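All values reported here derive from a predicted model rather than from experimental measurement.
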Amino acid sequence: MVDPLNAWWAQQLVLCDWAFAPDPLTVEPDVAVARLAALGVADRGELGWRLVESHGAGGAAADPARLLEALELVALAGAAGWLAESSAREWAHALAGEISAHHADLDAWLVALRRARSATGWVHGDDGFVEACQALSVLEHDGEGITWERLGEWLAIHDHPPVLWPDAPEARVWRLRAGFAPAVELPARENDWAGLAAWLGEAWQVHGRDDLVRALLWLGAQGDRQGWDLDAARLLELDAAGRAEWMERLEGPDRPFGRVMLGFVEHGEPLEWAAWDWLRLVDLAWAGACLGWLEAHEAADFALHAADLVEHRYSDWAALARAYQRGRSLFEGRNLLSSFDADWKLLLQSPVSPWRPALQGLIDPTLLERSRVAMRQWRRDPRHWVLALAAVREPELAGRQGPAAPVPAARREDARQYLAETLDLHPDEGVEALSRYWLPAQAHHLNQLAADAAHGALPPAETPFGAPEPAALEVRDGLRRGSRHAATVHMAEKYAFYLQMAMDCEGFEAEGLAALADALRASLCRFYPDARRLLEAWAGWEALLPEEGQPSLTAEIRWHQEDPGSLFHWLDWRAGEWQEPGPRPSLSHFTAMSLVGPLNSPAWSLPHPESARECVSIREWVDGHYGLHSAEELADFLDFLLEAGDRQEYQINYAPYTLNEGRLASEIATLESGECSDEERTHLLRLQRVRDNEDGCNDTDLAAWDIAQAVDLAIAARQLGWLEAAAFTAILERAHALAAAHYAGWEEYARALHAGFSFFMGETPERESFLAGFRQALVAWLSAAPPLAGPWASLDFPGARPRHWAPLHIDTLPGDSRQLH
């Protein structure tokens, strides 16, 4: 029995110089492919465009020549295996319906074709057209073909919306790729995209699966949009002069981009272009499927991820297309919005466009959820936590998501140089050395200050040594705004950057670095339940405590908060057994280490044995200041400091003079009248200080001076490996108890420390400047202005009653009786 559709279809192909045959799909495949190439259709992507073009747009009647060409293309594609037979018939059905709807009979159709051929220079030319029309009339009437009336009857009987594009639930996602080329058939194959591998290498520097996966993850998480978004936000805050200056700073190829961006800003165009990244994500996922670099389900998951992001941002196809057009304009450095209607008319208006279904609801929610699991799986390696944090400072790192890539030699050297010059960290120190940059005590200090600030319980600005600068006080008092968020991330993001540099230099043991990355993940998951809370905390603390000499990262952090594709939202966020990249000191041990005060920089973490390189300078300091050369000598000296120390020398050699002013004056006169040895000169200076009661030396218990020295030396001894961990904590506990026995609070301790520093200082021309600097440091330690000067303001003095407010979260040190769980 004759198939009416096939018969009619074959009948029309006579006008394309085909011999009449009952089945249009019987052309040999290689012949069909050659014929497609001759018609300018090199791959299935171009075929998709030709089919969309066949019906026109905007509700007007389609061009008869294009309809006839489409009938031929569908027949050739079906014969070549580019389209399944069922798909080819669906297209022929749709084309037959379009032709029948606008042409009442054969003669009207032929007249329309002749006009279209004359107007457009139809590819088949003039030769044979009249003969073909005559042959078609014969077929129409002698029964070999099918009459116009019979076609109409068949269409009426088989009236259904043809399924022209892959429409299975998973296949619908590929409709998002239609802006590049509609996907006419699944699965994707190499003949979907001619010259694909070469294009990927040239345009994307993608040469294989791993390169492709990294590019896909980058497009989803950052792409070009991040830099553009940040530029746009800055421009909105500038006046005309500021914008002109911004433009002046752009060089060479960036200037066309700058002109387009300024035009968008100044003309009120929506400053949104994420579709540029997310539609390219779909396109590259399709490329991976075509080349076999991605399994079909992997490619679909990436495309579904893009669809997920798109549905978060855009209400319909027009909004999506316009956002893409803005992004393309910025990328190419020319405003293409004037050509928007011409560029997108077919996809937005053609009756056979893949975009006919609504954008919202296009994808089955279960598939979107599957893609979310897949995207998190790609970022499951804990090093992605390091990348996410470090890439806020260095956005290029976002391109390293997915499979690990070799680090270029120049980058390795840069990382090694950074670690050496900025941190004095060297690979021969081992992974353990990185623990010195994990500072849980610093986070505790900031959390406590924030809680106290929120309750108006910070220490007074006036101290016995003066008041801090108003700007420092303003920073301190502003910490009340940080009381809602744990300050861990303020410390952890810097640690992550150092850890990334350690990874990049490739000089440290890889497994150890991986373990630190996992510990970092576990710690952050403990203090922040999700990306939103972590980024809120980071943005808040960054605004409160920007890094000196560096531009604020607040805008970058806010971008990650707001962009649904940001890597932070796709990390493997799971709480497991709590671990940290470094040891967390107890509160009492941190308090004891803080007794060193301004004699050294704040000890925000427990010390550990240092490398041989570091030990050289520490030994020089121990030898130069104390004449100590071994662990035994140092241990004995620590006992001496804690049991007697310099305070005993004062009590024996100088305190008695306070009871006999005459004897003091005589002793001073004697020493001043003759030549003095160095030792005698030191004695004279101290007698003069007793006479003048300089800095209250006669009224103050000088034990603080010995306690601070003991703690300072104990830290050095631990770094030299001269004290084991247990012996070190024992020294801290002795110092803690001694401070509690001698003083009631930090202010009293500070007076004593200042008096001891002043009294026992050797002769030096810089005495006054040293004392002034020490007093300034004591002001900062007592007032917490600036907040990271030292931790006295956040700690209860040894033995004193607790006076601080409990933070609202759990990021406190062990032993804090006020912590909330």
Given 3.5 Å as the limit, does a donor-acceptor pair link the side chain of [X] with the main chain of [Y], or not?
X	Y	answer
R476	P787	no
Y437	L499	no
R689	S758	yes
T591	L587	yes
N447	A487	yes

Decide, yes or no, whether a salt bridge links [X] with [Y] under the criterion of side-chain N to carboxylate O below 4.0 Å.
X	Y	value
E614	R436	no
E610	R619	no
R533	D530	no

### Task
Please examine the side chains of L778 and Y749, heavy atoms only from C-beta on, and report whether any two atoms are closer than 4.5 Å.
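Result no, sub-4.5 Å side-chain heavy-atom pair not found.
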Scan side-chain atoms only and decide if [X] and [Y] contain a donor-acceptor pair under the 3.5 Å cut-off.
X	Y	value
E679	S677	no
H426	D424	yes
N698	Y650	yes

Output the distance between atom [atom1] ([X]) and atom [atom2] ([Y]), rounded to the nearest 0.5 Å.
X	Y	atom1	atom2	result
R751	C697	CZ	SG	15.0 Å
E768	L771	CD	CG	5.5 Å
E747	T463	CD	OG1	7.0 Å

Between [X] and [Y], what is the ring plane arrangement, given parallel below 30°, perpendicular above 60°, and tilted in between?
X	Y	value
W705	F757	perpendicular
Y626	F637	tilted
F797	W746	perpendicular
H683	Y654	tilted

### Message
Taking the cut-offs as 6.0 angstrom to the six-membered ring centre and 45 degrees off its axis, would you call R663 and Y657 a cation-pi pair?
### Response
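Judged by the rule, R663 and Y657 form a cation-pi pair.
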### Message
Counting neighbours of CD on E667 that are heavy atoms of other residues, nucleotides or ligands and sit closer than 6.0 Å, is the number greater than 12?
### Response
yes
### E394 CD: over 12 foreign heavy atoms closer than 6.0 Å
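Counting other residues, nucleotides and ligands, CD of E394 exceeds 12 neighbours.
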### Task
Quick one: closest heavy-atom pair of A502 and F508, and the distance?
O-CD1, 3.7 Å
### Task
Return the minimal non-hydrogen interatomic distance between E580 and P440, and the atom names on each side.
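Heavy atoms only, the tightest pair is OE1-CB, 4.2 Å.
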### Message
Centre-to-centre under 6.0 Å for Y495 and Y498, is that the case here?
### Response
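For Y495 and Y498, the ring centres are not under 6.0 Å apart.
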### Message
Applying side-chain contact (heavy atoms from CB on, under 4.5 Å) to L520 and L389, what does each step give before you reach the verdict?
### Response
CA-CA 11 Å; L520 175 65; L389 292 161; 4.0 Å; yes
